[in-house]
Amino acid sequence: MPEFATAPISPMRITLDVAAATVDPAGPVLTRRMSDLEGLFADRTEWKRAVEDDADPVVYTVSSSPVPEIDRELPQSITTIRPGTCGGEFFMTKGHQHPNPQGEIYLGLSGVGGLLLFDGQRTEWIDMAPGVIGYIPPHWAHRSVNVGDEPYSFLAVYPGCAGHDYQWVLEHGMGARVMRAPSGYELVPFQR
Ligand SMILES: O=P(O)(O)OC[C@H]1O[C@H](O)[C@H](O)[C@@H](O)[C@@H]1O
Ligand SMILES: [Fe+2]
């Protein structure tokens, strides 16, 4: 047996309910409301109005399997982003860097969205739809965006040692903003 820093978990059979965007057995479920995305949408006035006058709407949920975020394990989660915009900017995740640089994959499950990647200089966009795998290399900050009019869900699989650095995105942005446009959506160069 290899030696583990912490007790390993047992092999596990996990079922995926694509329509419900849940896994069974279920682990932690996280709900992110508009107030949790402070400083991320360009239109601060509209963000504040949504928080105060629009009942602080849920922007996305993250349903994880029981596999823990620890060294050597491979956790999974389903993120579901509600449809909507804030000041014309599509609903999105906070976005993060992995402080311990590790790759990650996303698999589109339902709805249409995109994966915005930024390495501090280069910006990339991957169109996501059911059956599409978006690959996130180490050192690329990543954010998901719902560009459709129904919920957008994807499965993420990532090394448990990767971690989440949200401050990096607050400081550097993501290179672009994803705005509603006559054609659907457009990427606009990031400005504070
Ligand atoms: O962490 P956020 O940037 O809010 O993104 C939401 C979630 O998206 C995916 O499911 C990732 O694998 C999660 O680790 C992440 O927490
Ligand atoms: Fe990640």
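Hydrogens, waters and symmetry mates play no part in the numbers below; they use all other heavy atoms, side chains included. One-based numbering, in listed order, for ligands and for the atoms of each. Bear in mind the structure is a predicted one, so any value in this text is a computation, not a measurement.
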Problem set entry | Any N or O of V62 closer than 3.5 Å to N or O of ligand 1 | no
Problem set entry | Other residues, nucleotides, ligands: >12 heavy atoms within 6.0 Å of D149 CG | no
Problem set entry | For atom 12 (O) of ligand 1, the protein heavy atom that lies nearest, with its residue and separation | E104 OE2, 2.7 Å
Exercise. Looking from the Fe ion (ligand 2), what is the angle between NE2 on H98 and NE2 on H142, to the nearest 10°?
Worked result: 100°
Problem set entry | For atom 5 (O) of ligand 1, the protein heavy atom that lies nearest, with its residue and separation | T93 CB, 3.7 Å
Problem set entry | Numbered atoms of ligand 1 (with element) below 4.0 Å of Y106, judged on heavy atoms | 8 (O), 9 (C), 11 (C)
Exercise. Are side-chain N/O atoms of S77 and S64 paired as donor and acceptor at under 3.5 Å?
Worked result: no
For this session: Ignoring hydrogens and angles, tell me if any N or O in the side chain of E104 forms a donor-acceptor pair with the backbone of Q102 under 3.5 Å.
Result: no
Exercise. Between R122 and D119, is there a salt bridge with N-O shorter than 4.0 Å?
Worked result: yes
Problem set entry | Derivation and outcome, side-chain contact (heavy atoms from CB on, under 4.5 Å), residues I136 and L117 | CA-CA 8 Å; I136 303 158; L117 300 115; 3.8 Å; yes
Exercise. Does R32 reach ligand 1, in the sense of a heavy atom lying below 4.0 Å from it?
Worked result: yes
Exercise. Just which atoms of ligand 1 are under 4.0 Å from any heavy atom in G95?
Worked result: 3 (O)
Exercise. Which heavy atom of the protein is the closest neighbour of atom 1 (O) of ligand 1, given with residue, atom name and distance?
Worked result: Y166 OH, 2.6 Å
For this session: For the pair H142 and H96, name the ring-plane relationship: parallel under 30°, tilted 30 to 60°, perpendicular over 60°.
Result: perpendicular
For this session: Might you work through the ring pair (Phe, Tyr, Trp, His ring centres under 6.0 Å) test for W125 and Y185, ending with a clear yes or no?
Result: CA-CA 12 Å; W125 173 259; Y185 69 89; 5.3 Å; yes
Exercise. Taking side chain as C-beta onward, heavy atoms only, is M92 less than 4.5 Å from Y152?
Worked result: no
Exercise. Rounded to 10 degrees, what angle sits at the Fe ion (ligand 2) between H96 NE2 and E104 OE1?
Worked result: 170°
Problem set entry | atom 8 (O) of ligand 1 [closest protein heavy-atom partner, distance rounded to 0.1 Å] | T79 OG1, 3.2 Å
Exercise. W140 and Y135: aromatic ring centres closer than 6.0 Å?
Worked result: no
Exercise. Of the options V62, V59, V58, which is the one that meets T31 in a side chain to side chain contact (heavy atoms under 4.5 Å, CB included)?
Worked result: V58
Exercise. Which of these passes side chain to side chain contact (heavy atoms under 4.5 Å, CB included) with E69: P75, P159, C161?
Worked result: P75
Exercise. Counting backbone and side chain alike, does H164 bring an N/O/S atom below 2.8 Å of the Fe ion (ligand 2)?
Worked result: no
For this session: Could you find the nearest protein heavy atom to atom 4 (O) of ligand 1 and give me its residue, atom name and distance?
Result: Y60 OH, 2.4 Å
Exercise. Got the closest protein heavy atom to atom 14 (O) of ligand 1, with its distance?
Worked result: H164 NE2, 2.6 Å
Exercise. What protein heavy atom sits nearest atom 2 (P) of ligand 1, and how far away is it?
Worked result: H96 ND1, 3.6 Å
Problem set entry | Min N/O separation E69 to ligand 1 under 3.5 Å | no
For this session: Mark up the atoms of ligand 1 that fall under 4.0 Å of a heavy atom belonging to A156, in ascending order.
Result: 9 (C), 10 (O), 11 (C), 12 (O)
Exercise. Does ligand 1 have an atom under 4.0 Å from some heavy atom of R143?
Worked result: no
